[in-house]
Number of protein chains: 2
Amino acid sequence: MARPDKALQTLELLRAARLRATPQRRLLIELLRTRTHRPVSVEELHTLGTGKFDLTTAYRTLETLSALGLVRRIAIDHNRALFELAGEHHHHAICTSCGRIEDVSTCVSPSLDEKVRKSVRFSRINSHALEFFGVCTKCAVRV
Amino acid sequence: MARPDKALQTLELLRAARLRATPQRRLLIELLRTRTHRPVSVEELHTLGTGKFDLTTAYRTLETLSALGLVRRIAIDHNRALFELAGEHHHHAICTSCGRIEDVSTCVSPSLDEKVRKSVRFSRINSHALEFFGVCTKCAVRV
DNA sequence: TTCCACTTGCTAATGATTTGCATCTAAAAA
DNA sequence: TTTTTAGATGCAAATCATTAGCAAGTGGAA
């Protein structure tokens, strides 16, 4: 039994979210799914779209999808938003020299959320984000 | 032996950084030290300064201080930068309902940085940031 | 007290996001 | 299939935080 192809997966994603499967949205999600393996900026996505969707549309679609939890907005770069498709829980390692971002599967102890919830007296902790800042191998060589 | 007062601490901080102790900088640091206990936006600081320093000066001073590592720029809010005086290592818990930010002293296992460094093949990891997102008690009641 | 590199306060750019609006179009209904 | 319309898109203009440019001040070393 063959695995459904990427395009189908995208359609299903949109259908499940009760969003219209417009060509623009399909392409944008397709790009997030196949062309990028790291958080990308709206500008980058728009460039990858080669004129098939407007920059404004990209902003709107990403906003819609992130409100639905299908896309995550990453707050690392303080002057532009980065987005990634919400997949498996993971974190990021950022090279402070070249800006490269790597996915990190290592996570904190599962009990940490609850421990923190008690210490700050929150009603609940829904998620957490963890970023590591350092220098990647390429940049270390260059310096 | 009395502990040096806040103003003196601020002077020492500026002197150690080889920066001119202008009234504007002194007040801004004083505000970070005494009036705020959470990351604040430049706008907030400027308001607290009640006209004693320009918004542009605040931006420049914060930039200078963060380049020296005396102030930390927090990337949580994706549409405005937040700053805090660099003190003890800590993290943050953010209420996604009201935006309130609490300091979190709990940290990850000390060996995590090294573990991640190896997994992403970085030359080094210099720091990490950890944010918890949830709902504070007040907001939970309101909902 | 003098002098000058460092600072500050304006004002005018920038640059990323948003918003308004007329025009389309996906897809539910007939 | 055709009709119908709520939801989408594209373009242009408006926002808003952050930066730059510059002339006018001023810490603080000499």
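The sequence lines fix the lettering, A, B, ..., with proteins before strands; numbering per chain opens at 1.
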What is the separation between atom CD on A:E63 and atom P on D:dA8, rounded to the nearest whole Å? 13 Å

Which nucleotide of DNA chain C is the first, and which the last, in the 5' to 3' direction, to come under 4.0 Å of a heavy atom belonging to chain A? C:dA16 to C:dA27

Whole-Å distance, A:Y59 OH to D:dT15 P, equals 18 Å

DNA chain C: B:Q24 or A:R80, which has the more 5' nearest nucleotide? B:Q24

Rounded distance (Å) that lies between atom C1' of D:dT18 and atom CG of B:L82: 14 Å

Atom-pair distance (CZ on A:R18; P on D:dA8), nearest Å: 13 Å

List for me each residue that meets side chain to side chain contact (heavy atoms under 4.5 Å, CB included) alongside B:H90, sequence neighbours excluded, and say none if there are none. B:R72, B:E84, B:H92, B:D103

When every nucleotide of nucleotides 20-30 of chain D is labelled 5' to 3' by its protein contacts under 4.0 Å (heavy atoms), B for base, S for sugar-phosphate only, - for none, what sequence of letters results? BB----BBS--

Around atom CZ of B:R35, are there more than 12 heavy atoms from other residues, nucleotides or ligands closer than 6.0 Å? no

With sequence neighbours excluded, tell me which residues meet side chain to side chain contact (heavy atoms under 4.5 Å, CB included) with A:K52. A:L27, A:T50

Could you tell me the separation between the CZ atom of A:F132 and the CG atom of B:L130, rounded to the nearest 0.5 Å? 8.5 Å

Distance-only check: which donor-acceptor pairs under 3.5 Å involve side-chain atoms of residues 105-112 of chain A, not counting sequence neighbours?
from   : atom 1 : to     : atom 2 : distance (Å)
A:S109 : OG     : A:S111 : N      : 3.3
A:S109 : OG     : A:S111 : OG     : 2.9

What is the distance from atom CG of A:L45 to atom CG of A:L32, rounded to the nearest 0.5 Å? 5.0 Å

Partners meeting salt bridge (Lys or Arg N to Asp or Glu O under 4.0 Å) with B:E63 (sequence neighbours left out): B:R73

Test log, rule ring pair (Phe, Tyr, Trp, His ring centres under 6.0 Å), inputs A:H128 and B:H91: CA-CA 11 Å; A:H128 64 242; B:H91 299 301; over 10 Å; no

Nearest-nucleotide 5' precedence on DNA chain D, B:A81 against A:D54: A:D54

